[in-house]
Number of protein chains: 2
Amino acid sequence: MFFRLPMSHKHLVLGLLLDQPMTGYDIRKHVQAVLSAATSTSYGTLYPVLHRLQTEGCVVVQEIPQKGRPPKKIYRITPLGERELTQWLKQPPEADKIRREFLLKLYLARHLPRHELLKLLEQRRAETLAALNTLRTHAKNGKHEPDAWIMDYVTALHKAEIAWLDNVTAGLAEIVRT
Amino acid sequence: MFFRLPMSHKHLVLGLLLDQPMTGYDIRKHVQAVLSAATSTSYGTLYPVLHRLQTEGCVVVQEIPQKGRPPKKIYRITPLGERELTQWLKQPPEADKIRREFLLKLYLARHLPRHELLKLLEQRRAETLAALNTLRTHAKNGKHEPDAWIMDYVTALHKAEIAWLDNVTAGLAEIVRT
DNA sequence: TGGATCATGTAAACAGTTACATGATTAC
DNA sequence: GTAATCATGTAACTGTTTACATGATCCA
């Protein structure tokens with residue numbers, strides 16, 4: 001029942017539980033809200049990881065019955081879990097793992113008519129700009145430092161990407177004119 | 001023998017073969033050299049994908065015997081493969097999939113002594129700067145447009161990240177002084 | 001002399017997503 | 001009234017890495 005489980009989100013979970021006790025549902029929301037630039041999660045990984053951490057003694061559970069819903073399971077980190085987390089935090093981080101289908105298509109899209117290429121660039125620009133505006137909206141919520149760090153990080157990358165997109169697009173226009 | 005194969009690299013392979021016939025080995029090298037900002041590959045995925053594309057009729061193979069080595073298998077894209085590629089290129093790209101363990105550790109590392117936090121930031125800065133310098137060295141090799149696009153992209157992101165890292169580090173110094 | 005490169009491939013382990021199942025409550 | 005949110009969980013599928021197997025040639 002607890003074998004063959006992916007444990008890559010183990011430390012993510014422990015780290016968030018150190019701030020405050022949470023349910024699996026809470027953890028997922030939190031990751032989506034403030035850590036989507038770092039990682040993503042789905043219940044399919046999250047719940048099994050929580051079960052596993054429990055059997056390992058890294059977390060304990062408190063069940064709260066609810067009407068019309070599955071009982072809420074509030075997870076809390078244990079001293080063992082804290083040691084495990086600290087150990088991990090001290091190791092140098094792994095290299096980023098990145099899959100950018102957009103960039104791949106751009107690279108291959110020279111085989112496509114120019115208008116398809118431009119469409120690709122324009123759509124990416126629109127999406128990036130939209131993300132930037134969403135960030136600006138939520139900027140006021142940036143209460144504590146780490147949240148602000150990540151928001152600034154994403155903002156900086158998005159801005160750099162928009163500048164680059166404009167450059168590439170301008171370059172394409174040049175070629176047409178020549 | 002050909003079931004249950006991951007095919008996510010199908011179009012990557014077809015796209016590269018459109019430029020020129022290549023072996024699996026060549027494809028891997030090319031991806032590492034110019035497309036590492038977009039995706040990564042390993043032989044464990046690449047070879048099975050090539051076999052599968054062959055049975056689908058998207059590529060054909062020419063075997064070239066060699067002394068002391070497995071015969072070189074040069075893959076060529078077929079008209080069917082070209083159609084498949086073009087179809088795919090016209091679809092809007094999927095969202096980026098990103099895993100940045102560094103960013104996650106930074107977020108969680110507020111539970112660590114400040115010197116650990118600074119070490120994390122400094123190491124990231126050093127790595128990013130090193131990557132930037134490597135890019136600068138290979139800049140002259142930027143022959144055709146798409147290669148240059150990707151190099152510029154990575155350069156822009158790295159520069160933005162270094163500026164951000166310096167900012168975060170400066171902010172930490174502020175707090176100590178206050 | 002020793003390490004990188006060339007060149008293929010498979011099997012097993014690991015990781016992660018998606019679809020499914022259930023069903024009340026809350027907000028518009 | 002309908003869509004989103006709350007809240008758990010499993011099974012099947014898809015995807016990816018790592019280790020293994022083989023072994024010559026090229027470069028410092």
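Every chain is numbered from 1 and lettered A, B, ... according to where its sequence line falls, protein lines coming before strand lines.
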Just checking B:K29: base, sugar-phosphate only, or nothing, at a heavy-atom cut-off of under 4.0 Å? sugar-phosphate

Rounded to whole angstroms, how far apart are NZ on B:K72 and P on D:dA24? 18 Å

Please tell me if A:R99 has a side-chain N or O lying less than 4.0 Å from either OP1 or OP2 of D:dT16. yes

Rounded to whole Å, the NZ-C1' distance (A:K10 to C:dA15) equals 15 Å

Could you go step by step and tell me if B:S40 and A:R99 meet the side-chain hydrogen bond (donor to acceptor under 3.5 Å, both in side chains) rule? CA-CA 8 Å; B:S40 62; A:R99 194 120 318 181; 3.1 Å; yes

Between P of D:dA7 and OH of A:Y75, the distance in whole Å: 13 Å

D:dG15 phosphate, OP1 or OP2, under 4.0 Å from B:H9 side-chain N/O: no

Answer yes when B:R125 and B:E122 have at least one side-chain N-carboxylate O distance shorter than 4.0 Å, and no when they do not. no

So does B:R124 pair up with B:E161, basic N to acidic O under 4.0 Å? yes

Here the distance between atom P of D:dC6 and atom NZ of A:K67, to the nearest Å, is 15 Å

Are any of B:Y25's side-chain N or O atoms less than 4.0 Å away from OP1 or OP2 of C:dC6? yes

Against the side chain of A:R69, the closest entry in D:dT5, D:dT10, D:dT25 is D:dT5

Given that A:G68 and B:L50 both sit by DNA chain C, which one's nearest nucleotide is further toward the 5' end? B:L50

Between A:Q66 and D:dA7, does any side-chain N or O lie under 4.0 Å from OP1 or OP2? yes

I need the CD-P distance between A:E94 and D:dT18, as an integer number of Å. 9 Å

Separation of A:Q54 atom CD from D:dT8 atom P, in whole Å? 12 Å

Hey, does B:K73 reach any base, or is it just sugar-phosphate, or nothing, if we go heavy atoms under 4.0 Å? sugar-phosphate

Contact under 4.0 Å: A:Y47 side-chain N or O vs D:dT8 OP1/OP2: yes

Across the strands shown, which category fits B:R28 at heavy-atom distances under 4.0 angstrom: base, sugar-phosphate, nothing? nothing

May I ask you to evaluate whether B:T45 reaches the phosphate of D:dT14, defined as a side-chain N or O under 4.0 Å from OP1 or OP2? no

Geometric cation-pi criterion, A:K10 with A:W88: 6.0 Å, 45°: no

For atom CG of B:L12 and atom C1' of D:dT16, their distance in whole Å: 14 Å

Heavy-atom nearest nucleotide on DNA chain C taken for B:G24 and for B:K97; more 5' hit belongs to B:G24

Whether over 12 other heavy atoms sit under 6.0 Å from B:E63 CD: yes

Between the side chains of B:D19 and B:H30, is a donor N or O closer than 3.5 angstrom to an acceptor N or O? no

Determine: side-chain N/O of B:S42 to OP1/OP2 of D:dT17, distance under 4.0 Å, yes or no. yes

Specify the separation, in whole Å, of atom CE of A:M22 and atom P of D:dT8. 12 Å

